[in-house]
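Note that this is a predicted model, so its numbers are computed, not measured. If you read the sequence from its start, that first residue is 1, and numbering goes on from there. Atoms within each ligand, like the ligands themselves, are counted from 1 in listed order. Note: hydrogens, waters and symmetry copies are ignored here, and every other heavy atom, side chains too, is used.
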Amino acid sequence: MSNRLKVTPNDLSAFWMPFTANRQFKQAPRMFVSAKDMHYTTSDGRKVLDGTAGLWCVNAGHCRPKITEAIQQQAAELDYAPAFQMGHPIVFELANRLVDVAPKGMDHVFFTNSGSESVETALKMAIAYHRARGEGARTRLIGRERGYHGVNFGGISVGGIVTNRKMFGTLLGGVDHMPHTHLPEKNAFSKGVPEHGAELANELERIVALHDASTIAAVIVEPVAGSTGVILPPKGYLQKLREICTKHGILLIFDEVITGFGRLGAPFAADYFGVTPDIMTTAKGVSNGVIPMGAVFVKKEIHDAFMTGPEHMIEFFHGYTYSGNPIACAAALGTLDTYKDEGLLTRGEELAPYWEDALHSLKGEPHVIDIRNIGLIGAIELAPIAGSPTKRAFSAFVKAFERGALIRTTGDIIALSPPLIITKGQINELIDHVREVLRSID
Ligand SMILES: Cc1ncc(COP(=O)(O)O)c(C=O)c1O
């Protein structure tokens, strides 16, 4: 490794960091310089156990050989090919391989470069689909409170995280929101999906009654909401949403950017819950986070509705310069190979009970007011410090990093989502770090 990559630069001012407390960070920087499997190495040479798969994306663990080699070879062979009106073989191969692992019925794939772009793509597809079928009045989009669908204007409009919306003026019109499903008074310390709250899906009927189904294009939800601090769908909730959407001809979009590619112990949340959406947005795990990539899966009927009109005409006026970039495709193929060789898309299923027990052993530790889990996802909600929300969880994050574990916090919630290669011993280690951290913070 070149020395340039190993040391903290003296001047950190030029880089405006995303979703970061810049001034605080620059006073006490936290730098990773390398990674392997379950660990990062910091600029001062410490190993840090990755409890969050980077940002919920490094599902196969770090610097995996098949992915690294695929990228190296592809970079030397075909670095870039225009994404519009030209093709290259591996993007077609990748689409076929993705359809093979996707829930049955998700027959076509549109490539993007991130979760945010996948969401914008899905929303546009939904509206254009209805228009293509002569239902051009169906333009409304329904999201959910506390939902996270990336940071672009469509995504923050259907999203429901206040801090991500309030600074940015007028968002998309014609958007409504269902209530979130976080009911701690009824469901605190549930193991897996909670018992109470499926009836909240009926709020969609109320919204349909208000606007009329003929004006609504799509409903978008995260099957398990991640960024807001892990909110699970109550038992039967997603099934109800599916039924209501089908009844009214509304498309159901699952935003599987974090649940896709094995996080719940099944390839996708749609498989886990036995509910198939019409459109599914993914990113992150599709390429193990190594090269930016997103993929939007759609049912045949949706794709086919666009394939009309003169054959020389572009059917969907949408796409990105880097849609299906060859090196990203190579990374994704190397990722799929690694998932397959090691059974990672379903490994979470056998580890989930162990993970659940380890996580719930934190009940009774200082500050803990709820624990939630599903697949290889865990959340530990802390009581906020009066008058200083988020401060306690942020202290936990910094303390954990100093002890040797990467955790993630959002609000006063610690969210855990380790790479799917984690061992039982490493689960113990991660939870012990969290336990010690909770005992050490105010
Ligand atoms: C459900 C969901 N959708 C969309 C996104 C946005 O993805 P990206 O940061 O790649 O744009 C995220 C990112 O965490 C996500 O969790």
Trainee: Does the side chain of Thr259 pick up a donor-acceptor pair with the side chain of Glu256 at under 3.5 Å?
Mentor: yes
Trainee: Any chance the side chains of Arg408 and Thr52 put a donor and an acceptor closer than 3.5 Å?
Mentor: no
Trainee: Specify whether His318 and Tyr320 have parallel, tilted or perpendicular ring planes, treating 30° as the upper limit for parallel and 60° as the lower limit for perpendicular.
Mentor: perpendicular
Trainee: Are Phe261 and Phe268 close enough that their ring centers fall under 6.0 Å?
Mentor: yes
Trainee: Give a yes/no verdict on a cation-pi contact between Arg347 and Tyr339, requiring under 6.0 Å between NZ or CZ and the six-membered ring centre and an angle within 45° of the axis.
Mentor: no
Trainee: Quick one: do the Ser287 and Thr335 side chains pair a donor with an acceptor below 3.5 Å?
Mentor: no
Trainee: Distance under 4.0 Å, heavy atoms only, partner ligand 1: which residues pass?
Mentor: Ser114, Gly115, Ser116, Tyr148, His149, Gly150, Glu222, Ser227, Asp255, Val257, Ile258, Lys284
